[in-house]
Amino acid sequence: MRIGIVCPYSFDVPGGVQNHVRDLAETLIALGHHVSVLAPGDEESGEQPYVVPAGRAVPVPYNGSVARVSFGLISATRVRRWMAAGRFDVLHVHEPLIPSLSMLAVLSARGPVVATFHTAMTRSRALAAAQGLLQLVLEKITGRIAVSELARKVQVEHLGGSAWEIPNGVQVSRYRTAVPLPGWPGPGGTLGFLGRFTEPRKGFPFLLQAFATLARSRPDLRLLVAGPGDVDEVMADFPDISPYRDRIVFLGKVSEEDKARMLRSVDLYIAPNTGGESFGMILTEAMSAGTTVVASDLDAFRRVLDGGRAGALFPVGDSAALASTIGGLLDDPTRRAALAARATEVVAAYDWPVVAERVLEVYSTVIEVAGAVVEQPVP
């Protein structure tokens, strides 16, 4: 099958959608399909050969974060040329309702279109202002996929249609076989955090507060942080952490390989997010690594963690409760092991070969409904 996938966000910045698109493409290629991915980026971006750069990305605030997208006349021309050259049997776009390559691809498509919705946003000013355009986009989509029950609920209640619920996938073997970083996790316990730690919705300040509380009585406890952000900026807001600063290690932005190694280097992975999550991809990655997860009691996280049986949950934004939960698990290796064992069972359903087969079933269905994509004229 010839498959064209459109990623709305630049691969230059790590993110759940980007990881999803990359892993899906590589899994489909391993299964013998021809896959091309269109994404924002420059020719010199150094991405995988299956990625076609569509030009410079610009930062746009979206869902409590900053997305790097491409949009406009030049981008539209590149989208049409890519589609004409690809002659795809199916076009698979991600997040088509934001001004991006995905929206442009849907508007230019002449054949079967699958759209994956990752977020659980019900409304925004931008969506309200562009209601007519969004309706046109939705009408051209042959089949919809939602990565979670929350994202599917948005489709049913706010966008006038249903969707197949197919979760984000994870390369379980990549994390399970990763080698811990040298010197980690260490005898006194290690906590881990991965993400853009300066973004408010990631909840990193709550982890810092919990760490300061625990570090007073645990002289060997350490915190390992991976992800982009201004370290001095975030640390300046927490003078109480100064006595323990040498026990916090910031790795900066890491490769996919080092991300897996980092997750294997900690005793507990902490996800203190405050909202804006429809799934929780990092949770499945930590679960795949065999690391016990402690997460905010968000609905999306609760679903991934099997209601708290595959990981510990604490009240959102409650650093005292987080400290108590972490301390209890550090002192109870038997419970940690039980949570990790259940997580291993749960995460098997998210393994990419399993998820990709479900996506291929959707492709086959929409192709049967809509027929093959007609070659696009080159402008």
Is the backbone N or O of [Y] less than 3.5 Å from a side-chain atom of [X], with the two atoms forming a donor-acceptor pair by type?
X    : Y    : value
S296 : L298 : no
R247 : A215 : yes
D89  : R2   : yes
S364 : L360 : yes

Heavy-atom count check: over 12 atoms from other residues, nucleotides or ligands less than 6.0 Å from E257 CD?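 No.
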Going by ring pair (Phe, Tyr, Trp, His ring centres under 6.0 Å), name the residues that satisfy it together with W352, two or more places apart in sequence or in a different chain. H20
Name of the residue among E26, H34, R22 meeting side chain to side chain donor-acceptor pair (under 3.5 Å) with Y50: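 One option only clears the test, and that one is E26.
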Any luck finding a side-chain donor-acceptor pair between Q18 and Y9 under 3.5 Å? no
Does a donor on one side chain sit under 3.5 Å from an acceptor on the other, for W184 and T190?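 No, because no side-chain N or O of W184 sits under 3.5 Å from a partner of the opposite role on T190.
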What is the ring orientation for F279 with Y350, classed by angle as parallel under 30°, tilted 30 to 60°, or perpendicular over 60°?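 Ring orientation of F279 relative to Y350: perpendicular.
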Enumerate the salt bridge (Lys or Arg N to Asp or Glu O under 4.0 Å) contacts for residues 221-241, please, sequence neighbours excluded, ordered by first and then second residue. none
Rounding to 0.5 Å, atoms CG (L329) and CG (L339) come to a distance of 6.5 Å
Run the side-chain contact (heavy atoms from CB on, under 4.5 Å) test against D299 and tell me which residues pass, sequence neighbours left out.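 Expected list: L150, R303.
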Salt bridge [X]-[Y], side-chain N to carboxylate O under 4.0 Å:
X    : Y    : result
E256 : R174 : yes
D331 : R218 : yes
E361 : R358 : no

